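Down below is the structure, laid out as structure tokens.
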Amino acid sequence: MISSLRGTVLSASGGTAVVEVGGVGFALQLTPDHVLSLRVGEETFLHTSLIVREDALQLFGFADREQLEVFELLNGVSGVGPKSAIGVLSVLSPDDIATAVAADDDAPFRKVSGIGPKTAKLIVVSLAGKLTAVRRPAPAVKASRAPSSVGDSVLVALVGLGWPERVAAEAVAEVTAETEEKERDSVQSLLRLTLSRLGPAR
């Protein structure tokens, strides 16, 4: 796997760049701002993520490890592929993303081309609790959030998935009352239990 590259910039335009390493030119997809920071003929160092598909190999480059880690987290969200993930990073910095997730705010993600309301909500739910290790500094707002924010996050996700708010709220309340604290202290766990209670979406 190609995890990083150091070489000479052969070209850089739009959202792509070609970096020569040992006589081999590697084509990478970058954010537009990253491309603008490169200079043809100069040496650069990139953290990279290689995406393997049946019909193609795609190499994505990042200026720092933080962007790479956030990209891989985004790419792991259902409905978000590598192109959408790099699209999010083209609009939002890792710090912006961490702040939005900590605040349960999907509005910034809905501003990204190709990210719809449902996917935006899933990004917030899926990344909850996963960004403290990569964000600098650790978000103070996240540490001070009330316990009810887990239930609020699940409610937002269920509404985004098509459930009426009243039905979703009742299900979240019932599951929260019936389960042990350790089973409801994370968004992912409470969402899974509530979806089991609700059954297939109507």
Side-chain angles (χ1 to χ4, degrees), residues 1-103 105-116 119-142 188:
M1 181 176 180
I2 303 172
S3 59
S4 66
L5 290 176
R6 184 185 298 278
T8 303
V9 179
L10 297 183
S11 66
S13 63
T16 62
V18 177
V19 177
E20 182 183 34
V21 181
V24 178
F26 290 86
L28 303 100
Q29 296 187 46
L30 317 173
T31 65
D33 285 347
H34 191 180
V35 171
L36 290 174
S37 72
L38 300 178
R39 296 291 179 268
V40 173
E42 294 184 357
E43 183 180 270
T44 188
F45 175 82
L46 302 168
H47 294 276
T48 61
S49 178
L50 177 63
I51 305 298
V52 180
R53 305 289 188 186
E54 291 184 0
D55 57 348
L57 298 177
Q58 294 177 299
L59 193 60
F60 293 82
F62 307 91
D64 54 52
R65 185 76 187 176
E66 185 179 24
Q67 285 187 324
L68 170 63
E69 291 175 352
V70 173
F71 169 82
E72 292 181 339
L73 287 173
L74 287 166
N75 192 43
V77 175
S78 178
V80 180
K83 289 186 178 181
S84 293
I86 200 73
V88 172
L89 284 167
S90 296
V91 176
L92 304 170
S93 70
D95 193 64
D96 292 334
I97 294 168
T99 299
V101 171
D105 182 12
D106 67 349
F109 299 104
R110 287 189 272 112
K111 296 177 182 178
V112 178
S113 177
I115 301 293
T119 302
K121 293 180 187 297
L122 285 175
I123 289 174
V124 172
V125 171
S126 300
L127 267 58
K130 297 181 179 179
L131 292 173
T132 53
V134 299
R135 188 184 176 207
R136 298 188 305 266
V141 64
K142 190 173 181 63
Q188 292 86 350

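All of these numbers come straight from a predicted model, not from anything done at the bench.
- Between Phe60 and Leu68 there is no side-chain heavy-atom pair separated by less than 4.5 Å.
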Residues 78-93, side-chain donor-acceptor partners within the protein, below 3.5 Å, at least two apart:
{"residue": "Ser90", "atom": "OG", "partner": "Ile86", "partner atom": "O", "Å": "2.8"}
{"residue": "Ser93", "atom": "OG", "partner": "Asp95", "partner atom": "N", "Å": "3.4"}
{"residue": "Ser93", "atom": "OG", "partner": "Asp96", "partner atom": "N", "Å": "3.0"}
{"residue": "Ser93", "atom": "OG", "partner": "Asp96", "partner atom": "OD2", "Å": "3.1"}

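- Gln67 CD to His47 NE2: the interatomic distance, rounded to the nearest 0.5 Å, is 9.5 Å.
- Asp105 and Val124 get closest at one heavy-atom pair: O-CG2, 3.8 Å.
- Counting only heavy atoms from C-beta outward, the side chains of Leu50 and Val52 approach each other to under 4.5 Å.
- Pairing each heavy atom of Val19 with each of Leu46, the nearest pair is CG2-CD1, 4.0 Å.
- Residues Lys121 and Asp106 form a side-chain contact, since some pair of their non-hydrogen atoms from C-beta on lies under 4.5 Å apart.
- For Ser126 (side chain) and Leu122 (main-chain N/O), a donor-acceptor pair under 3.5 Å exists by modelled atom type.
- Nearest heavy atoms, Ala120 versus Arg110: CB-CG, 3.5 Å.
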*asked:* Go through it in stages, so that I can follow the logic: the residues are Ile97 and Phe109, the test is side chain to side chain contact (heavy atoms under 4.5 Å, CB included), and I'd like the CA-CA distance, side-chain angles, deciding distance and then a yes or no.
replied: CA-CA 8 Å; Ile97 294 168; Phe109 299 104; 3.9 Å; yes

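- In this structure a side-chain-to-backbone donor-acceptor pair under 3.5 Å is present from Thr48 to Ser4.
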May I have the list of side-chain donor-acceptor pairs in residues 26-39 shorter than 3.5 Å, sequence neighbours left out?
{"residue": "Thr31", "atom": "OG1", "partner": "His34", "partner atom": "N", "Å": "3.2"}
{"residue": "Ser37", "atom": "OG", "partner": "His34", "partner atom": "O", "Å": "2.6"}
{"residue": "Arg39", "atom": "NH1", "partner": "Leu36", "partner atom": "O", "Å": "2.7"}

